[in-house]
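Read the numbers this way: they start at 1 and go in the same order the structure lists the ligands and their atoms. Please read all numbers here as calculations on a predicted model, not as lab measurements.
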Amino acid sequence: MDNTDYLALTPDTLAKRLSTLTAVTNHLGTDPLSWKVEEVGDGNLNLVFIVQSPKGSIIVKQALPYVRLVGDSWPLPLYRAFYEYHALTRQAQRDPGAVPEVYYFDKAQSLIVMEFLSPHVILRNKLIAGEKVAGLGIFCGVHCARMAFRGSELSLKSADKKADVGLFAGNIEIPAITEGLVFTDPYFDAAMNNHTPGLEPVIAQLRGNIDIKRRVQSMLAKFATNTETMIHGDLHSGSIMATDREMRVIDPEFAQYGPMGFDIGMLTANYLMAYFSQPAHRGSDLVAYQDWILSVIEDCFAAFNAEFRHLWATERTGMLYPKALFEDQGHASDTACDAVLAAIWADALQFCGIEMHRRCLSLAHNADFETIIDIDQRAALEARNLQMGAVLILDVDTIPDAAALTTLAQKFNKKDVL
Ligand code: SR1
Ligand code: MG
């Protein structure tokens with residue numbers, strides 16, 4: 001493939017342009033005329049192609065030089081594919097089997113060729129359809145714990161971790177999207193915002209609350225300056241593909257070094273939004289399905305804590321909390337681990353509340369709510385979500401554990417806010 005000037009692929013040009021790559025022909029065979037190419041990208045940023053042949057299938061993901069959701073009025077650097085590639089390789093090392101296998105990366109073309117996951121579908125669509133995924137919470141909790149621990153100086157050599165922080169620090173514009181759309185825009189009348197009509201009284205309360213803005217800005221400072229581990233950066237139910245029992249995490253193009261509680265907090269927000277939206281999507285199975293979503297949240301945090309403690313005991317080889325300072329002195333380190341986990345929990349809850357806000361107030365909403373056609377019903381359900389988000393930000397200290405979090409969700413689920 002011409003590896004110099006970037007050129008966006010099309011379904012018509014892809015086969016010819018990729019047909020000389022061994023990494024591709026290994027999976028598809030050498031006859032590009034037998035390849036079927038389909039552009040399936042429905043995300044906010046990139047081109048995504050499924051390429052199938054009688055021999056096999058691949059995914060080709062290519063960055064566009066602008067935000068697809070908005071158009072070329074919002075340019076975005078192609079280099080994000082470079083960070084996605086490096087994130088995928090680190091995720092594969094730190095949690096083997098959790099992400100698609102990468103077959104090929106072309107930096108100049110901002111293009112990644114990877115494993116086609118089948119019959120997996122986007123988890124968000126399963127949650128809207130009322131489908132369960134066995135082991136979902138455990139998978140997510142274990143994955144988040146492995147990524148948090150193994151990407152930090154609890155585990156990595158400091159020189160390696162600091163070099164990686166330096167590498168990812170070159171990514172400016174992608175974190176800037178999160179800094180704006182997630183942490184800032186929801187809390188004032190920003191140009192790209194949109195919201196469901198009817199939510200105005202709730203929005204006025206949130207935007208009029210200086211405490212919320214202060215706390216969210218403090219979490220933004222953590223997001224932007226605390227480089228304790230490599231985070232996915234955009235871990236929501238659209239970033240997980242699942243069958244009824246098998247899961248993979250995809251799309252780490254927002255990866256950066258950031259706070260350990262960020263990914264699990266964002267993901268929890270997306271489970272809570274799935275939960276709050278269910279009355280519009282379910283019939284007689286509503287209560288059982290909502291209970292299942294809450295059980296996923298509880299399983300996720302239980303698995304996160306258990307895996308993190310396990311890694312603390314077995315893989316604590318970095319410069320932080322060294323065994324030389326604890327176990328080797330005959331001092332248990334359990335209380336230190338408890339304190340680290342408590343700080344992650346508090347961060348996660350606040351990131352969760354912020355994500356619950358931005359998906360209803362800022363530019364990029366989610367299908368859980370957006371597919372609700374009855375605008376009054378959508379506003380009523382989003383209002384519960386917005387108000388619970390505010391409690392997570394303001395009253396984080398009153399929510400000790402995942403059981404308290406899901407109890408709070410049940411309380412808001414019964415509340416008529418509007
Ligand atoms: C302009 S990009 C909007 C959103 O899409 C991505 O998936 C991230 O969630 C980002 O905030
Ligand atoms: Mg994405």
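The main-chain N or O of Gln52 is never found under 3.5 Å from a side-chain atom of Ser57 such that the two would form a donor-acceptor pair.
Scanning for side-chain hydrogen bond (donor to acceptor under 3.5 Å, both in side chains) contacts around Tyr79 gives Glu173, with sequence neighbours left out.
The 12-atom threshold is exceeded at CG of Asp211, counting heavy atoms of other residues, nucleotides or ligands nearer than 6.0 Å.
Within the structure, ring pair (Phe, Tyr, Trp, His ring centres under 6.0 Å) pairs that include any residue of residues 19-78 comprise His27-Tyr103 (at least two apart or interchain).
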All N/O donor-acceptor pairs, side-chain side in residues 125-142, below 3.5 Å, sequence neighbours left out:
| unit_1 | atom_1 | unit_2 | atom_2 | d |
| --- | --- | --- | --- | --- |
| Lys126 | NZ | Glu131 | OE1 | 3.0 |

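Ligand 1 lies under 4.0 Å from heavy atoms of Asn44, Leu45, Val67, Trp74, Ile177, Leu181, Asp234, His236, Phe254, Arg358, Arg359, Ala364.
The minimum heavy-atom distance linking Ala98 with His143 is given by the pair CB-ND1, 3.6 Å.
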